[in-house]
Amino acid sequence: RRSWAEPYKIKVVEPLKMTTRAEREQAIAEAGYNTFLLRSEDVYIDLLTDSGTSAMSDRQWAGMMVGDEAYAGSKNFYSLEEAIQKYYGYRYILPTHQGRGAENILSKILIKPGDYIPGNMYFTTTRLHQELAGGTFVDVIIDEAHDPRSQHPFKGNVDLQKLTDLIKRVGAERIPYISVAGTVNMAGGQPISMANLRAVYELAKSHDIRIILDATRAVENAYFIQQREADYHQQSIAIILKEFCSYTDGCTMSGKKDALVNIGGWLALNDPDIYEEARNMIVIYEGLHTYGGMAGRDMEAMAIGIEESVQDDHIRARIGQVEYLGQKLLDWNIPIVVPIGGHAIYLDAKAFLPHIPQDQFPAQLLAAELYREAGIRAMERGIVSAGRNKDTGDHYYPELELVRLTIPRRVYTQAHMDLTAEAVDEVYYNRHRLRGLKMVYEPKYLRFFQARFELL
Ligand SMILES: CC1=C(O)/C(=C\N=C(/Cc2ccc(O)c(F)c2)C(=O)O)C(COP(=O)(O)O)=CN1
């Protein structure tokens, strides 16, 4: 059996600065034990996020050179519109500066105070925009998604009974849309199956309720459908993606993930009336409807990135690298979320640090420790990210207390993955010495971005 290797070779590199442990101890203390507050130059392997951190191809860089920076009607808008219509299948396309720009517009248009928005697990910016519009997010994901050890192949699936119960409880008229993400970031990059999405679509249509997809990693979701769903083993990623989107009425998209760009996103819709209102709102919050907060060059790079993202060789290598790292950690009995997700490895901080109670922020501590140990930057995805219940004011206490090791696309080599695994193993070996944190500064919104902590 031949090993696999990437379907590309490297043409440009960015030299990295190596730091000492002493320098890292000072840097993480000055950053308040919050990896978001570290300087990039002090980070060796940056696994904070796959958002906007992927490497563009030479064709994308070439596309940057043909940016048509006209204020209105840029050529690049039409290449982007064509690429999205071709690969995602939606009719109307509105560029936005990134995903949350689309989430803001959509929430403002579709949600009325007192509405309920069911979805397959929360996402931070998505839920916040739903709440700011007066809505309440209701989690209708299957129970297995909240269990880091469950091997369910499609943990992103919607529990149709939970959804039906909500419709019965509040009435279809209080549900402006069902918010479906594929893959599900906070569950560990877990996919929803085509069969489940089709069933959700049929249920929604029987109650005349819309479905809006968060398409941010829908290409990765298509890969899992190809690999794990019998009917799709012989289908190309592009064909699967298009069918997947056909079971939804529109999508919000952060192009900073699947679409291989450093900035960009869109709102796509099939309903002409919602489109007309969104097209009008875009000029308030994002820019003219033919650039939506992006430069022409960025739209061109994203149009090319969409084409590259659906190539079977690309997505197989991308997810193969994540699986490579995850399998190493599993072989060393280090607790991670299974099945291995599409864009990241998620350390199970509750199992990793059972002696640190959740309100002493174990995942926050573990992310800080991994940086101190090896200059590797990861992201807390536990109680700090979950924030506070808008009604009670108390923390949410999520089942999943995770540290996300997020792999940018086409950036790091297998050697970086090997070193990351060794560093995690070192921290695991010394985990008994670790102790909790206290939060000393807590911002009002999305606190995890800017909160500061001290060692207990
Ligand atoms: C499934 C989904 C996302 O993953 C996503 C973003 N993701 C980020 C950046 C980020 C966002 C929120 C955080 O709590 C976070 F700590 C990190 C990330 O790293 O995963 C957005 C929003 O897209 P925008 O970032 O283009 O506006 C919408 N939907």
Side-chain angles (χ1 to χ4, degrees), residues 34-38 46-54 95-107 117 119-132 137 141 145 156 179-192 212-221 248 250-268 285-286 292-294 298 302 305 322 341-346 363-364 367 377-388 396 398 400 402-409 411 443 445-451:
N34 185 346
T35 53
F36 279 104
L37 303 181
L38 286 166
D46 198 347
L47 305 182
L48 181 74
T49 180
D50 64 326
S51 179
T53 56
S54 298
T96 59
H97 76 285
Q98 58 182 67
R100 66 199 79 174
E103 293 173 338
N104 176 40
I105 303 285
L106 182 84
S107 303
I117 304 90
N120 52 345
M121 201 177 285
Y122 88 99
F123 186 70
T124 52
T125 54
T126 316
R127 181 178 65 186
L128 180 59
H129 283 294
Q130 291 165 353
E131 291 178 350
L132 290 174
F137 168 78
I141 203 165
S179 171
V180 174
T183 60
V184 179
N185 198 347
M186 301 306 275
Q190 304 294 318
I192 179 171
I212 300 291
L213 172 68
D214 178 340
T216 298
R217 296 183 187 86
V219 177
E220 294 177 0
N221 202 109
T248 68
C251 80
T252 56
M253 174 69 177
S254 173
K256 299 170 76 169
K257 287 76 165 172
D258 274 351
L260 295 161
V261 286
N262 303 125
I263 192 71
W266 68 77
L267 175 59
Y285 295 101
E286 297 293 311
M294 276 189 266
D298 291 320
M302 190 153 73
V322 179
H343 64 295
I345 299 302
Y346 292 69
Q364 189 77 27
R377 175 155 70 169
M379 185 191 287
E380 192 271 1
R381 295 279 81 171
I383 183 172
V384 180
S385 297
R388 291 182 181 274
Y396 283 112
L400 297 175
L402 309 176
V403 171
R404 188 182 73 175
L405 303 175
T406 336
I407 314 301
R409 295 162 189 80
V411 168
Y445 297 111
L446 301 178
R447 63 185 182 178
F448 49 87
F449 280 126
Q450 299 155 335

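Ligands are counted one by one from 1 in listed order, and the atoms in each one are counted from 1 as well.
Remark: Asp50 engages Arg217, Arg318, Arg409 in a salt bridge (charged side-chain N to carboxylate O under 4.0 Å, His left out) (not counting sequence neighbours). Every residue meeting the side-chain hydrogen bond (donor to acceptor under 3.5 Å, both in side chains) condition with Glu103, not counting sequence neighbours, appears here in chain and number order: Thr125, Thr126. Every residue was checked against the side-chain hydrogen bond (donor to acceptor under 3.5 Å, both in side chains) condition with Asn262, not counting sequence neighbours, and none meets it.
Residues Met121 and Leu400 meet the side-chain proximity criterion, which asks for heavy atoms closer than 4.5 Å.
In this structure, Phe448 and Phe36 have tilted ring planes: the angle between them lies in the 30° to 60° band.
At a heavy-atom cutoff of 4.0 Å, ligand 1 is surrounded by Phe36, Thr49, Ser51, Gln98, Gly99, Arg100, Glu103, Phe123, Thr124, Thr125, Asn185, Asp214, Thr216, Arg217, Ser254, Lys256, Lys257, Met379, Arg381, Arg404, Phe448, Phe449.
Because its NZ or CZ atom is not both nearer than 6.0 Å to the ring centre of Phe123 and within 45° of the ring axis, Arg100 does not count as a cation-pi partner of that residue.
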